[in-house]
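Take a look at the structure set out below.
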Amino acid sequence: MSEQNNLKEFTKGIFQYNPMFVLVLGICPSLAVTTSVKNGLAMGGAATFVLVCSNFIISIVRSVIPREIRIPCFIVVIAAFVTMVELFMRAYLPPELNASLGIFIPLIVVNCIIMYRAESFAYKNKPFVSVLDGAGLGLGWTMSLCIVSSIREILGSGTLFGLKVSETYQPASVMIMAPGAFIVLGLLLGFFNWRKLRKSEKAMKAVMKDD
Amino acid sequence: MIKEIALIIVSVVFVNNFVLAKFLGLCPFLGVSQKTSSAIGMGAAVTFVMTLSSAITWIVYNYVLLPGDLNIVAKVFPSIRELGLIEVLKTISYILVIATLVQLVEMMLRKMVPALYESLGIYLPLITTNCAVLGVALLNTTDSPKHLGFLQATVQGFGAGIGFTVAMLLMSGIRERLALANIPKPLQGVPIAFICTGLMALAFFGFSGMVQ
């Protein structure tokens with residue numbers, strides 16, 4: 001029973017509460033860093049690390065944080081982990097990757113997904129499930145980043161992971177610039193809405209048939 | 001001097017608009033842009049916080065974080081003079097400055113303009129987590145392409161706020177029309193707002209190359 005619950009805490013972040021396509025949170029970095037799959041993966045990894053760690057720490061100290069000042073406390077915990085990630089990435093990852101992520105690594109501090117999970121989950125639940133919750137949402141976000149960034153990379157530079165997709169395709173560089181990002185995300189959100197609408201319509205029809 | 005300031009403002013409002021070219025501050029941009037009146041109020045509050053936080057974070061950066069003779073902390077702890085605190089305390093100190101400032105604005109508005117305070121609601125405390133505010137503080141102090149002076153940094157903060165307000169105002173006008181338009185069901189709400197923002201960003205591309 002409890003194992004099943006744990007699994008549910010993990011998988012809900014990927015589908016039911018997908019941060020990008022269902023909750024529409026953390027849009028700024030999702031648009032800015034999805035110019036290539038490599039950037040998307042690096043950003044997703046960094047944010048997942050911060051999300052898991054901050055969920056863990058906040059859930060451990062949740063009983064000693066007074067309600068009135070919980071937001072500043074969350075921010076300090078999150079900022080500490082973001083600084084760690086920033087220093088780690090500067091030390092071990094290639095400089096051009098760091099340059100293309102730019103200020104969006106320190107900006108993980110104000111990523112709504114992390115704040116949202118701290119406030120609505122980690123502050124109310126035990127450490128173990130909070131870690132699962134953070135890992136699930138982090139993975140869900142990373143997967144969505146990969147979807148958006150692979151579409152933009154294929155259309156915008158004609159490559160995937162830096163490998164050429166087709167010899168004849170002329171890349172439309174607007175897709176890796178700002179307008180392309182907005183339009184791709186808008187259409188993807190529309191696509192997921194369309195699927196949800198179709199599903200609920202089918203369910204309605206099935207109910208009506210039964211009657 | 002005046003020319004330089006004018007250049008910074010034009011560049012940050014039109015060419016490098018924070019919302020449409022740099023993807024900063026999208027949450028309030030989509031959240032508060034349904035009505036023109038609240039868009040203006042939100043824009044004014046964000047501009048105020050951005051200007052002040054640019055000024056204060058510039059002081060923090062140059063006199064507390066950077067290594068060297070100017071560092072105030074180094075006067076007490078000489079070992080800090082060599083390294084500075086820039087690596088470890090940048091993000092935390094900036095976000096604390098911004099959070100304090102937002103609290104201050106909130107208290108001031110509640111006392112002086114209660115009507116605006118009511119209409120901004122939850123979005124006022126959320127300015128703390130508006131990435132445009134932290135973003136402009138970080139961009140002011142990256143030292144690339146060059147080290148900004150106090151006045152330039154403050155003007156850049158002010159201009160970024162104005163750019164944010166302009167984008168929100170345009171968007172709120174579009175969304176007031178969209179509310180009456182006949183839009184395919186799956187695209188209603190946020191998706192169509194994104195597509196419109198994309199088209200706006202495309203229009204703002206026309207300004208690129210105007211200022212180097």
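Convention: sequence-line order gives letters A, B, ...; per-chain numbering from 1.
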Legend entry - Structural part of K90(B) lying under 4.5 Å from a heavy atom of chain A: neither
Inset, instruction - Would you confirm whether the ring centroid of F23(B) sits within less than 6.0 angstrom of the ring centroid of F104(A)? - result: no
Legend entry - P179(A) vs F205(B) side-chain heavy atoms within contact, under 4.5 Å: yes
Inset, instruction - Find the distance between SG (C196(B)) and CD1 (I183(A)) and round it off to the nearest 0.5 Å. - result: 9.5 Å
Inset, instruction - Below 4.5 Å from any heavy atom of chain A, which atoms of V133(B) appear? Answer side chain, backbone, both or neither. - result: neither
Inset, instruction - Name the region of L30(B), side chain, backbone, both or neither, that has any atom closer than 4.5 Å to a heavy atom of chain A. - result: side chain
Inset, instruction - Pick one of side chain, backbone, both or neither for F204(B), based on which atoms fall under 4.5 Å of a heavy atom in chain A. - result: neither
Legend entry - Atom pair CE/CG of M177(A) and L202(B) - distance to nearest 0.5 Å: 9.0 Å
Legend entry - chain A interface, residue from L24(B), N130(B), V190(B), L89(B) that has the most non-hydrogen pairs under 4.5 Å: L24(B)
Inset, instruction - Inspect the surroundings of OH in Y17(A) and state if more than 12 heavy atoms from other residues, nucleotides or ligands are less than 6.0 Å away. - result: no
Inset, instruction - Could you tell me whether the side chain of P191(B) reaches within less than 4.5 Å of the side chain of N193(A), counting heavy atoms only? - result: yes
Legend entry - Pairs touching residues 69-85 of chain A that satisfy salt bridge (charged side-chain N to carboxylate O under 4.0 Å, His left out), sequence neighbours left out: R70(A)-E119(A)
Legend entry - For I95(B), the option from V82(A), I78(A), V110(A), V76(A) that meets side chain to side chain contact (heavy atoms under 4.5 Å, CB included): V110(A)
Legend entry - Residue, of P72(A), C28(A), A79(A), that accumulates the most heavy atom pairs under 4.5 Å with chain B: C28(A)
Legend entry - Spacing of CZ belonging to R198(A) relative to NZ belonging to K185(B), to within rounding of 0.5 Å: 15.0 Å
Legend entry - F207(B) atom CZ, over 12 foreign heavy atoms within 6.0 Å: yes
Legend entry - Interchain contact, L197(A) with chain B, by part (heavy-atom threshold 4.5 Å): side chain
Legend entry - Over 12 foreign heavy atoms within 6.0 Å of NZ, K12(A): yes
Inset, instruction - Could you tell me which portion of L87(A) (side chain, backbone, both or neither) has an atom closer than 4.5 angstrom to a non-hydrogen atom of chain B? - result: side chain
Legend entry - Contacting moiety of V184(A), where chain B heavy atoms sit under 4.5 Å: neither
Inset, instruction - Find the distance between SG (C131(B)) and CD1 (I103(A)) and round it off to the nearest 0.5 Å. - result: 8.5 Å
Inset, instruction - Step through the shown structure and confirm whether more than 12 heavy atoms of other residues, nucleotides or ligands are within 6.0 Å of CZ on F182(A). - result: yes
Legend entry - Side chain, backbone, both or neither of A99(B) within contact of chain A (heavy atoms, under 4.5 Å): neither
Inset, instruction - Select, from L189(A), T83(A), L31(A), L185(A), the one with the greatest count of heavy-atom pairs under 4.5 Å involving chain B. - result: L31(A)
Legend entry - Most contacts with chain A, counted as non-hydrogen pairs under 4.5 angstrom, among I195(B), L96(B), T128(B), I192(B): I195(B)
Legend entry - From L187(B) atom CG to L187(A) atom CG, the distance as rounded to the nearest 0.5 Å: 7.0 Å
Inset, instruction - Enter the distance from L138(B):CG to I105(A):CD1 here, rounded to the nearest 0.5 Å. - result: 12.0 Å
